[in-house]
Amino acid sequence: MKVALFNNNQIGIVQDDVIIDIGDIISWDKNCPQESLEHFMKNFDALKTEIEKHLPYGSTYSISEVKLRAPIPKPSKIVAAPINYLLHRKEMNEQFQTSPSTVDKLGFFLKSPSSIIGPGETVELPFRDRRTDHEAEIALVVGKEAKDVPSHEAHNYIFGYLALMDITVRGKEDRPWRKSFDTFTPIGPWIVTGDEVENPNQLNMNLWVGDELR
């Protein structure tokens, strides 16, 4: 399923060029979208069959006529892996990457959730005289509370995947500062549930700036 937030923080399932409102059948509170989303993800396996029954009869909207929102409004944290592109490793002259054998060298870093914006919103650059880069990323959405999970069980905690743009001011400051300005984490347009993605390592990404494919 493609799970999206739209208009006044309603929740819906995207099918082709329409979005079907499922708020009534999952006790969705549009005034508390993050809390409602966390409850929905935690109970998705139990709700999935009921949602599928509802879809043919739910209120339907054209995607072109709604305002899509950030599909995760206020996550508790955004955990990111540094230097995860081969060309970027060469640019940074790094001889290692994020992996179990090298995590002590690189670690991970956090981005501020306040940097999130949704589809169609504008990235605002804080400095005119600083280089600012953009990186297309695939983000995984942890759907239930987890800690110290063995790698072979990790997939059981992933609710789904979404596209994420990691915007970065280049410089010597710590990564979280350079990557956490307001508007520096565009996400969306929706979450694709994990059961729809057989192998996330086989997903492809493209990024455009205006009409230019980067």
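Rounded to the nearest 0.5 angstrom, Thr60 OG1 and Ile20 CD1 are separated by 4.5 Å. Taken from CD1 in Ile116 to CD1 in Ile187, the straight-line distance is 4.0 Å, to the nearest 0.5 Å. Note that CG of Asp182 and CD1 of Ile117 are 9.5 Å apart. Values are rounded to the nearest 0.5 Å. Summarising the geometry, atom CD belonging to Glu124 is positioned 12.5 Å from atom CZ belonging to Phe181; distances are rounded to the nearest 0.5 Å. Distance check: Glu38 CD to Ser76 OG gives 7.0 Å after rounding to the nearest 0.5 Å. The line from CG of Leu5 to CD of Gln34 is 9.0 Å long, rounded to the nearest 0.5 Å.
Counted within 6.0 Å of CZ on Phe127, heavy atoms from surrounding residues, nucleotides or ligands total more than 12; the atom is thus considered enclosed. Counting non-hydrogen atoms of other residues, nucleotides and ligands closer than 6.0 Å to NZ of Lys74 gives a total of 12 or fewer. Within 6.0 Å of CD on Glu153 lie more than 12 heavy atoms contributed by other residues, nucleotides or ligands. A 6.0 Å sphere centred on CG of Asp129 holds more than 12 heavy atoms belonging to other residues, nucleotides or ligands. Counted within 6.0 Å of CG on Asp24, heavy atoms from surrounding residues, nucleotides or ligands total 12 or fewer; the atom is thus considered open.
What you find for Tyr161 and Gly194 is that their closest heavy atoms are CE1-CA, 4.1 Å. Counting all heavy atoms, side chain and backbone alike, Ile25 lies closest to Ile51 at CD1-CA, 3.6 Å. In terms of heavy-atom proximity, Phe6 sits nearest to Gly12 at CE2-N, 3.8 Å. Looking at every heavy atom in both residues, Leu37 comes nearest to Pro71 through CD2-O, 3.3 Å. When all heavy atoms are compared, the tightest approach of Pro119 to Gly188 is CG-CA, 4.4 Å. Of all non-hydrogen atoms in Ala4 and Ile19, the two that sit nearest each other are CB-CD1, 3.7 Å.
Not one N or O on the side chain of Arg170 forms a donor-acceptor pair closer than 3.5 Å with the backbone of Arg130. A distance-only check finds a donor-acceptor pair linking the side chain of Arg178 to the backbone of Glu173 [under 3.5 Å]. In terms of modelled atom types and a separation under 3.5 Å, the side chain of Glu121 and the main chain of Gly118 share a donor-acceptor contact. In this structure, Ser112 contributes its side chain and Ser180 its backbone to no donor-acceptor pair below 3.5 Å. A distance-only check finds a donor-acceptor pair linking the side chain of Asp21 to the backbone of Gly23 [under 3.5 Å]. Without hydrogens or angle criteria, Asn7 side chain to Lys67 main chain gives a donor-acceptor distance under 3.5 Å. Remark: the backbone N or O of Trp28 is not paired with any side-chain donor or acceptor of Ser36 at under 3.5 angstrom. The backbone N or O of Asn8 sits nowhere less than 3.5 Å from a side-chain atom of Arg69 that would complete a donor-acceptor pair.
Judged as a ring-ring contact (aromatic ring centres under 6.0 Å, His included), and not counting sequence neighbours, the contacts of Phe44 are Phe40, Phe159. Listed by chain and number, the residues in a ring-ring contact (aromatic ring centres under 6.0 Å, His included) with Tyr157 amount to none (sequence neighbours excluded). Looking at residues two or more places apart in sequence or on another chain, you find a side-chain contact (heavy atoms from CB on, under 4.5 Å) between His134 and Met165, Ile167, Leu207, Val209, Arg214.
Hydrophobic clustering, with ILVMFWY side chains joined whenever heavy atoms are under 4.5 angstrom apart, groups Ile158 together with Val192. Note on Val18 and Val66: separate hydrophobic clusters, where clusters join Ile, Leu, Val, Met, Phe, Trp and Tyr whose side-chain heavy atoms are under 4.5 Å apart, directly or indirectly. Both Leu203 and Val14 are part of a single hydrophobic cluster, where members link through side-chain heavy atoms under 4.5 Å apart. In the hydrophobic cluster analysis, where Ile, Leu, Val, Met, Phe, Trp and Tyr join through side-chain heavy atoms closer than 4.5 angstrom, Met205 is grouped together with Val197. Residues Val142 and Leu164 are members of separate hydrophobic clusters, defined by side-chain heavy-atom contacts under 4.5 angstrom among Ile, Leu, Val, Met, Phe, Trp and Tyr.
Sequence neighbours left out, the pairs with a member in residues 200-209 that pass side chain to side chain donor-acceptor pair (under 3.5 Å) are Asn199-Asn201. Pairs of residues two or more places apart, or lying in two chains, that qualify as salt bridge (charged side-chain N to carboxylate O under 4.0 Å, His left out) and include a residue from residues 154-166 are Lys111-Asp166, Asp166-Lys179. Here side chain to side chain donor-acceptor pair (under 3.5 Å) pairs that include residues 39-54, with residues two or more places apart or in two chains, are His39-Asn43, Lys48-Asp195.
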Query raised in the report: Should Ile13 and Val3 be marked as a side chain to side chain contact (heavy atoms under 4.5 Å, CB included) after you check the CA-CA gap, both sets of side-chain angles, and the distance that decides it?
Result: CA-CA 5 Å; Ile13 302 298; Val3 180; 3.9 Å; yes
Query raised in the report: Under the side chain to side chain contact (heavy atoms under 4.5 Å, CB included) criterion, do Ile22 and Leu47 qualify, and how do the steps go?
Result: CA-CA 11 Å; Ile22 62 168; Leu47 292 168; over 6 Å; no
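Counting only heavy atoms from C-beta outward, the side chains of Val169 and Pro126 approach each other to under 4.5 Å.
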